[in-house]
Structures are given as structure tokens and as C-alpha cells.
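Both counts, for ligands and for their atoms, begin at 1 and track the order of listing.
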Amino acid sequence: MIIILKQGSGKSDADPILQQIRDQGLEPLYMPGDEKIVIGALGDERILANLQLDAMECVEKVIPILKPYKLANREFKQQRSLVSVGDVTFGGQNIPLIAGPCSVESEAQILEVARAARQAGASMLRGGAFKPRTSPYAFQGLEAEGLRLLEVARRETGLPFVTEVLSEHDVDNIADITDMLQIGARNMQNYRLLKAVGSTGVPVLLKRGPAASMSELLMAAEYIMSEGNPHVVLCERGIKSFFTDTRNTLDLSIVPLLKCETHLPVIVDPSHGTGVRNIIPDMALAAVAAGADGLMIEVHPDPEHALSDGFQQLTPAAFAELVTRIKSVAAAVGRSLDTGC
Ligand code: PEP
Ligand code: MN
């Protein structure tokens with residue numbers, strides 16, 4: 001439920017309402033805006049119906065939030081959220097590009113990609129240190145050493161980085177080092193992990209599960225936000241479908257849909273979304289045209305010899321060429337690309 005106070009109301013008007021909400025066992029949220037004070041009430045809203053808050057002198061309007069996701073809901077917050085990762089901002093007019101290898105493999109590899117990505121116009125680096133692999137026999141990532149190498153690359157290039165956290169037991173260690181925590185598609189509904197990253201305050205990149213509905217994705221975001229971490233960026237990365245000619249089916253329709261439904265930024269990962277190197281650039285452009293607030297693209301200096309996802313990684317040269325094309329599409333839809341350099 002949202003309670004909007006009349007213009008000119010102050011904290012002294014809000015306080016008794018906040019107390020009434022608390023007394024009913026619900027969680028009150030105080031959100032003073034430039035013009036009006038907005039109060040949120042989280043929990044079973046039916047309890048508040050009896051209080052007749054809309055009859056109070058200072059209350060302009062009481063709006064129930066019918067959707068199960070409250071904090072992530074656009075009804076709750078009309079203004080788009082800006083999520084900052086260092087100097088990089090998601091959700092504004094600018095479209096940040098995140099580029100880097102599927103897995104961190106060596107110092108030489110991550111440094112080469114990081115330098116090339118920065119040069120081409122990426123503003124963030126990606127790289128998996130803890131890898132969620134379908135096979136237990138496949139390369140599982142360099143783990144702690146991978147994190148150290150990401151730090152080396154950040155020091156060298158100034159690019160902040162995002163890296164995946166697979167287990168709630170690793171959250172604190174990784175959160176101390178990384179600029180953004182990634183929740184992978186396979187873990188979108190790992191609720192203890194979501195709560196753990198929610199309690200860090202570190203920005204989170206939440207990837208859509210391969211079979212998740214929009215509502216399930218937003219409920220996953222709600223888990224993170226309800227722990228007190230509002231810095232969530234959503235990522236479409238393809239879903240399972242009958243269409244097996246691509247690795248996943250990149251569901252770009254969820255981008256404009258999400259932007260009606262939530263104030264959170266939405267980015268797209270066309271690399272995992274298609275798994276087909278040749279079509280990644282076109283789908284990246286389509287994502288920008290559909291309103292994506294950023295892109296995440298896998299780039300490797302030598303994709304043929306990559307330890308994971310070699311078939312879908314772009315070379316630095318192909319990525320640089322793509323960036324010039326993204327700039328044109330971004331401009332056509334009223335967005336821009338801050339190259340970070
Ligand atoms: C990744 O981005 O490294 C990854 C494993 O992607 P996803 O979780 O979308 O499969
Ligand atoms: Mn990958």
C-alpha cells in the first residue's frame with residue numbers, strides 16, 4: 001500500500017501514520033520526495049483497511065499495491081531507479097556495456113580482454129571466477145585466484161567488474177572484492193542466496209531463470225530488495241523453448257514489459273541468450289531498440305581455445321565493431337553510449 005500525503009505535509013504528519021503501520025505488524029517505509037511525502041506499508045495490506053488512513057486530514061491518496069512484488073513495482077515508485085556501480089549508472093539515458101570473458105582463465109587473458117573492452121567503449125568488465133557448469137567435469141573457474149585477477153584487471157584499466165556468486169557461503173568474501181554481484185540464471189530462485197546478497201548492499205545483477213515468468217523474476221528481485229538492498233539490475237538472458245536452433249530463446253519482449261512493470265533497470269545478455277556468435281551483434285542492437293538499459297556481452301581474445309562458452313564469445317575486434325553499430329541504434333532511440341574512456 002502507498003499513502004501519498006498532501007503537499008506541504010511534513011515528518012510530523014507522517015510519524016503517526018508510520019507508527020500505526022508498525023503497530024499493525026507491517027513494515028513502514030518513509031519516502032520524502034521533492035514535492036510530497038510518500039509512505040509505503042509492506043505486508044498484508046488487508047490489515048490496514050480498517051485504519052481508514054484515507055480519512056486523515058494530511059492524506060491525499062491511498063493506493064493499494066495488488067501485485068505480490070511491492071518494492072520492485074512501478075506503482076510503488078514511478079521514477080526509474082538508477083543503479084550505480086562505481087562511476088557507471090544503469091537506468092539512465094546512457095547505456096553501459098559490460099564486456100569480458102565467460103570465465104577468467106589467466107592474468108594475460110583477463111588483462112587483454114579488459115584493455116580491449118575499455119578501448120572499444122565498454123564501461124564494465126565481466127568474468128566468471130566461480131562457474132555454474134552443467135557438467136561437474138567441466139572447468140569450474142579459478143575461484144579465489146580468478147577474483148584476484150579481476151582485481152588486477154580493474155587496477156590496470158579502471159573498469160569496475162561484475163562476477164557471479166554461486167553460494168551463500170561465498171557472498172561475504174566476493175562482496176568485499178567485487179563491484180557488482182551476479183546471480184546467475186540457474187540460481188534465480190535460490191532464496192537463501194538472494195537474501196544473502198540482499199544483506200550486502202552491493203549492487204546485484206539478477207539474471208532471469210531459463211523458465212521464469214516475469215512475475216517470478218520480479219519476486220526474486222523482491223527477495224533482494226526486502227533485505228534492504230535496492231541496487232538491483234535485471235537481465236534477460238534467454239529462456240527455454242521448443243526452438244532449439246539457438247542455445248536459448250532471447251525473449252526481448254520482456255524488456256518493454258518489465259519497464260512498464262518495474263522501476264528497476266533492465267539489461268540484456270545476447271551471448272547466453274542466443275549462443276550463436278554470428279547473431280549476437282544483431283540481437284544486441286535489437287535489445288537496445290527494445291529499450292534495454294545496458295548489454296552484457298562475452299568477449300575472449302581467443303574464443304576457439306576458451307575454457308567455457310568459446311562458441312559464443314566475440315573477439316575484441318568483433319566487439320569493437322559492434323560498439324560502433326550500437327552507438328547508431330542508441331542514438332536512434334534517444335539513448336547514448338558513454339564509452340567510459
Ligand atoms: C554467465 O553470465 O556467466 C552465466 C553463467 O550466465 P547465465 O547464468 O545466464 O547462464
Ligand atoms: Mn558463459
Side-chain angles (χ1 to χ4, degrees), residues 85 96-105 109-110 113 117 122 124-136 138-143 146-147 149-150 153 161-167 170 174 178-190 193-194 197 203-212 216-217 220-221 224 232-241 246-252 254-255 266-277 279-280 283-284 287 292 294-315 319:
V85 182
L97 302 181
I98 307 172
C102 180
S103 303
V104 181
E105 298 172 4
Q109 176 240 22
I110 194 69
V113 187
M124 265 184 83
L125 179 65
R126 63 148 287 143
F130 295 83
K131 293 302 301 175
R133 304 305 302 281
T134 305
S135 164
F139 176 60
Q140 303 285 307
L142 296 181
E143 304 191 342
L147 294 177
L149 296 179
L150 284 164
F161 66 83
V162 57
T163 198
E164 181 162 351
V165 55
L166 285 183
S167 157
D170 295 328
I174 300 179
T178 195
D179 301 285
M180 187 177 213
L181 291 161
Q182 179 171 320
I183 298 294
R186 293 159 183 82
N187 267 319
M188 190 205 83
Q189 287 180 312
N190 181 338
L193 180 60
L194 295 174
V197 299
V204 178
L205 181 61
L206 176 64
K207 297 188 94 175
R208 179 186 183 187
E216 286 166 334
L217 172 60
I224 299 168
V232 180
V233 174
L234 306 170
C235 181
E236 159 60 24
R237 49 74 71 202
I239 51 173
K240 298 269 185 215
S241 80
T246 51
R247 183 180 184 184
N248 291 291
T249 298
L250 189 64
D251 178 19
L252 289 182
I254 201 173
V255 175
V266 182
I267 74 164
V268 171
D269 168 359
S271 304
H272 294 91
T274 64
V276 181
R277 185 183 292 123
I279 69 169
I280 290 167
M283 294 311 285
L295 293 171
M296 180 153 89
I297 295 172
E298 286 189 337
V299 180
H300 193 288
D302 181 11
E304 267 179 47
H305 296 101
L307 297 182
S308 59
D309 286 356
F311 54 88
Q312 70 185 32
Q313 304 206 54
L314 299 187
T315 60
F319 175 68

Colleague: In terms of atom number and element, which parts of ligand 1 are under 4.0 angstrom from non-hydrogen atoms of Glu164?
Modeller: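 Going through ligand 1 atom by atom, the ones under 4.0 Å from Glu164 are 5 (C).
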Colleague: When you measure from atom 10 (O) of ligand 1 to every protein heavy atom, which one gives the shortest distance, and what is it?
Modeller: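 Its nearest protein heavy-atom neighbour is Arg237 NH2, 2.8 Å.
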Colleague: Of all the non-hydrogen atoms in the protein, which one sits nearest to atom 8 (O) of ligand 1, and at what distance?
Modeller: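 The closest one turns out to be Ala185 N, 2.8 Å.
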Colleague: Tell me, which protein residue and heavy-atom name are nearest atom 6 (O) of ligand 1, and how many Å apart are they?
Modeller: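 Atom 6 (O) of ligand 1 sits closest to the protein heavy atom Lys207 NZ, 3.0 Å.
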Colleague: Which heavy atom of Met188 sits nearest a heavy atom of Leu194, and at what distance?
Modeller: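 In this case the closest contact between Met188 and Leu194 is O-CD1, 3.2 Å.
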Colleague: Report the name of the N/O/S atom of Asp309 located nearest to the Mn ion (ligand 2).
Modeller: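 Answer by atom name: OD2.
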Colleague: Please name the residue in the list Thr246, Asn248, Thr249 that meets the side chain to side chain donor-acceptor pair (under 3.5 Å) test with Ser241.
Modeller: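 Of the listed residues Thr246, Asn248, Thr249, the side chain to side chain donor-acceptor pair (under 3.5 Å) partner of Ser241 is Thr249.
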Colleague: Judged by modelled atom types alone, do His300 and Asp309 share a side-chain donor-acceptor pair under 3.5 Å?
Modeller: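 No, no side-chain donor-acceptor pair sits under 3.5 Å.
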Colleague: Just to confirm my output: which protein heavy-atom neighbour is closest to atom 3 (O) of ligand 1, and how far is it?
Modeller: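 Going atom by atom, the protein heavy atom closest to atom 3 (O) of ligand 1 ends up being Arg126 NH2, 2.8 Å.
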Colleague: Do you know which N/O/S atom name in Glu298 is closest to the Mn ion (ligand 2)?
Modeller: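 Glu298's closest N, O or S atom to the Mn ion (ligand 2) is named OE2.
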Colleague: I'd like to know whether ligand 1 has Pro132 as a neighbour, heavy-atom separation below 4.0 Å.
Modeller: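 True for this residue.
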Colleague: Between the main-chain N or O of Phe161 and the side-chain N or O of Arg126, is there a donor-acceptor pair closer than 3.5 Å?
Modeller: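 Answer holds: no.
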Colleague: Indicate yes or no: at least one non-hydrogen side-chain atom of Phe130 is less than 4.5 angstrom from one of Thr163.
Modeller: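 No - every pair of side-chain heavy atoms lies 4.5 Å or more apart.
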Colleague: Give a yes/no on ligand 1: does Lys131 have at least one heavy atom closer than 4.0 angstrom to it?
Modeller: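 The answer is yes: ligand 1 sits under 4.0 Å from a heavy atom of Lys131.
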Colleague: Any non-hydrogen side-chain atom of Thr315 less than 4.5 Å from a side-chain atom of Arg277?
Modeller: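 No, side chains not in contact.
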Colleague: Hey, are Glu164 and Lys131 close enough for a salt bridge, meaning a charged N less than 4.0 Å from a carboxylate O?
Modeller: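 Here Glu164 does not pair with Lys131 in a salt bridge, since their nearest N and O are not under 4.0 Å apart.
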Colleague: Which is the closest N/O/S atom of His272 when seen from the Mn ion (ligand 2)?
Modeller: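 The closest N, O or S atom of His272 to the Mn ion (ligand 2) is NE2.
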Colleague: Quick check on contacts: which atoms of ligand 1 are under 4.0 angstrom from a heavy atom of Gly184?
Modeller: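 Counting from 1, the qualifying ligand atoms are 8 (O).
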Colleague: Please say which of Arg237, Met283, Arg247 ends up in a side-chain contact (heavy atoms from CB on, under 4.5 Å) with Thr274.
Modeller: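 Going through the options one by one, the only one that passes is Met283.
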Colleague: For atom 4 (C) of ligand 1, what's the nearest protein heavy-atom neighbour? Residue, atom name and distance, please.
Modeller: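 That would be His272 NE2, 3.6 Å.
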